[in-house]
Protein chains: 2
Amino acid sequence: MSEKEVFRAVTATDVARVAGVSQSTVSLVLNGKGRGRISDSTVRRVTAVAQRMGYRINQSARHLRLGASGTALLAVPTLANSAFAAVHAGAARRGAEHGLGLVVFPVGAEDGAGRFLLPQQALDGIIACSMPAETVAEVSAGVPLVILDDASAAGVPAVTMDVAAGMAMALNRLLELGHRRIAHVRAERPAWTFVQRARAFDLGVGTRPDIAVQRIPCPFSPAAVRDRVMPVLSAADRPTAVICDDDNMASGLYSAAMGLGMGIGTDVSVVGFNDAPVALQMIPPLASVRLPLEELGEQGVRALVGLRGGEPARPVNLPVEFVERESIGPAPRE
Amino acid sequence: MSEKEVFRAVTATDVARVAGVSQSTVSLVLNGKGRGRISDSTVRRVTAVAQRMGYRINQSARHLRLGASGTALLAVPTLANSAFAAVHAGAARRGAEHGLGLVVFPVGAEDGAGRFLLPQQALDGIIACSMPAETVAEVSAGVPLVILDDASAAGVPAVTMDVAAGMAMALNRLLELGHRRIAHVRAERPAWTFVQRARAFDLGVGTRPDIAVQRIPCPFSPAAVRDRVMPVLSAADRPTAVICDDDNMASGLYSAAMGLGMGIGTDVSVVGFNDAPVALQMIPPLASVRLPLEELGEQGVRALVGLRGGEPARPVNLPVEFVERESIGPAPRE
DNA sequence: TTGTACGCGTTATCAA
DNA sequence: TTGATAACGCGTACAA
């Protein structure tokens, strides 16, 4: 009556019975640990029977026995941002070195459509990327945890990128180029990284009373930025340089400037964040603060593995780089 | 000596010992099945002790006992394409209704950086999206499998979108508008979906000897498209309408056209695929073949759940829609 | 060279 | 209202 009767999976014991050996022999053979222990003929027979019967290992049982699942979760706010593809790539690469596979779970808070049901899977650890600490607490139920791109949670190993320094580099370069009216297009998100950037901007201009500053909070999409900055760029006291919290936001700024007939890098200088592939595709190419996303993922796994090894959780802050391109130039003469 | 000595996890048995009850009582309480069976005082005591000792369930043991993990894997070619975010959203929503959590795994073949190590986790099923059948076979080792956006594998339940019909709709509309020189910018990828689109395009123009056709294979990025189509749009026999395999590719076409001083929707009509958010952000808004990506995910889970229920695997082909916008218009007069 | 026996931590059945 | 007890399928120490 039960489904189990109909679809019962083939177990190692089943294989053993058919092959006429014990279950432990099957286990040895299938794990390649039969070298010099199990006779070649037995190895061949067991392998053939397992193949024929369609045996596949029960991972739950294996994990229970081993006390580990070999899988870690990379929790991200959303899948609709290719930055996390880079983080995963780095994490997966480093994970492979430790026999750790990495699956991705979009928590979904940013998509507005409520949060997704967290899978109740067996995990050796969780790496939470760019998420508010309270969301993270929800996600990780006691599993070893590392937080990426957020340093707001106490007592949890964190890997961050020095976005504040990145902001300072961009700002200083613009000041060097003579800009005195500077805007910061801010992502309207509560993420730690954006708070840091805002603070660094405020700090950088705070000591300079000769600088006219505009802070422009915007939704994340290029279209929203375009609409929001259009009036700003049309005004008489328009900024001659704009720093955007994201390359895609910068592309919205490009649209607005082009719509107003303004030249990027001449009439208005633009800087982005991330140095995503899109930065090079824009015309002119976008100056951007390059974030070491892959290394962020790598270091996340490193910290997680260290955690299991009992290492103390010391914070890591990765350096960033300012990539200068044609989207910035000297401040226009008045 | 072993790590297990040092970091042994708290088990239900440990909780039972401290709380002075049996392990089965702990299980009953912690699973909320103590209603009317376990006394309130015991429930409170057990809950408190579990909390205090930091008990967390061993999912591997639970899954072994239950014969299921409550987790399915959504395998995608890459994370660097937000289309899969929509697929996941649909799948996760439907999965939640069946107590099925969905994690994502980017196989990585498309990123060129080789494939990622497949996590050896306990899975109730795999949903493979937009991937060649041979890649899929590699990924799914006997686990119940559903394939999305690909109908090339025999014997595997598949959910597809009727991209051929979408192509036909776009093509017919352009013909209606008087276009007689039409190009198809094709994604240079072996995916089934792109093959279908190419065939549908060829089929649609095949019966019309009065139509001048150009087939332009391109890498997926906007910049690549821009560079590739620039000479095409400059030629004397330039197409008056272009269908692109992706909205982002269409944005590359926008760049090229603008660079040549051509008007989108006037000098050249443009159609995309996906109807991604970016389609509305472009200027002018991009006409596009809207793909039901969320429903694709939903139907994928549906098929997977049906599979476990022993349902026959019958293929599903979801209808698509052509969304007309200002990027297309009547063919320019010669 | 192979088999026996045990335990991983949980859920569920039954008896008390 | 609670407690023994038996699986679930696997890996491995140890016996044969």
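Worth saying up front: this structure is predicted, and the values here are computed from it rather than measured. Note: hydrogens, waters and symmetry copies are ignored here, and every other heavy atom, side chains too, is used. Chain naming here is simple, since letters A, B, ... match the order of the sequence lines and numbering starts at 1 in each.
Summarising the geometry, the separation between CZ on B:R17 and P on D:dA4 is reported as 13 Å, rounded to the nearest angstrom. In this structure, the CD atom of B:Q120 is 14 Å from the P atom of D:dC10, given to the nearest Å. In this entry the distance linking CG of A:L30 with P of D:dC10 reads 9 Å, nearest Å. Residue B:N58 contributes atom CG, which lies 17 Å from atom P of C:dG7 at whole-angstrom precision. Atom pair A:L64:CG and C:dG9:P shows a separation of 7 Å (rounding to whole Å applied). Whole-Å rounding puts the A:H63 NE2 to D:dG9 C1' distance at 12 Å. Rounded to whole Å, atom P of C:dT1 lies 11 Å from atom CZ of A:R37. A:Y55 places its OH atom 10 Å from the P atom of D:dG9, with the value rounded to the nearest Å.
Within the 4.0 Å cut-off from OP1 or OP2 of D:dA4, not a single side-chain nitrogen or oxygen of B:S24 is found. Within the 4.0 Å cut-off from OP1 or OP2 of D:dT1, not a single side-chain nitrogen or oxygen of B:T25 is found. Side-chain N/O atoms of A:R62 include one lying less than 4.0 angstrom from OP1 or OP2 on D:dG11. Proximity of A:S27 to the phosphate of D:dG11: a side-chain N or O atom is located under 4.0 Å from OP1 or OP2. Side-chain N/O atoms of A:S39 include one lying less than 4.0 angstrom from OP1 or OP2 on C:dT2. Within the 4.0 Å cut-off from OP1 or OP2 of C:dG3, at least one side-chain nitrogen or oxygen of A:S22 is found. A close approach under 4.0 Å does occur between a side-chain nitrogen or oxygen of A:N31 and OP1 or OP2 of D:dG11.
Candidate nucleotides C:dT2, C:dG3, C:dG7 were compared by shortest atom distance to the side chain of A:V21, and C:dG3 ranks first. Checking D:dG9, C:dA12, D:dC14 against every side-chain atom of A:T11, the shortest atom distance belongs to D:dG9. The side chain of B:T42 lies closest to D:dT2, out of D:dT2, D:dG9, C:dT2. Picking from D:dT12, C:dG9, D:dG9 the nucleotide with the shortest atom distance to the side chain of A:K33 gives D:dT12.
Contact between B:R189 and B:F220 at its shortest, heavy atoms only, is NH2-CB, 3.4 Å. Of all heavy-atom pairs spanning A:Q121 and B:H63, the tightest one is CA-CE1, 3.8 Å. The nearest pair of heavy atoms linking A:D162 to A:N317 is N-OD1, 3.2 Å.
Nucleic acid contact for B:L28: none, since no nucleic acid atom lies under 4.0 Å from a heavy atom of the residue. A:S60 comes within contact range of no nucleotide atom at all, as no heavy-atom separation falls under 4.0 Å.
Screening B:V159, B:V107, B:V104, B:V76 for a side chain to side chain contact (heavy atoms under 4.5 Å, CB included) involving B:C129 leaves a single residue, B:V76. Checking each of B:H88, B:R93, B:Q299 against B:E294 for a side chain to side chain donor-acceptor pair (under 3.5 Å) leaves exactly one that passes, namely B:R93.
Judged by distance alone, with hydrogens and angles left aside, the side-chain atoms of B:R94 form no donor-acceptor pair with the main-chain N or O of B:V301 at under 3.5 Å.
Across the interface with DNA chain D, nearest-nucleotide mapping of B:V43 and A:Q23 shows B:V43 to be the residue nearer the 5′ end.
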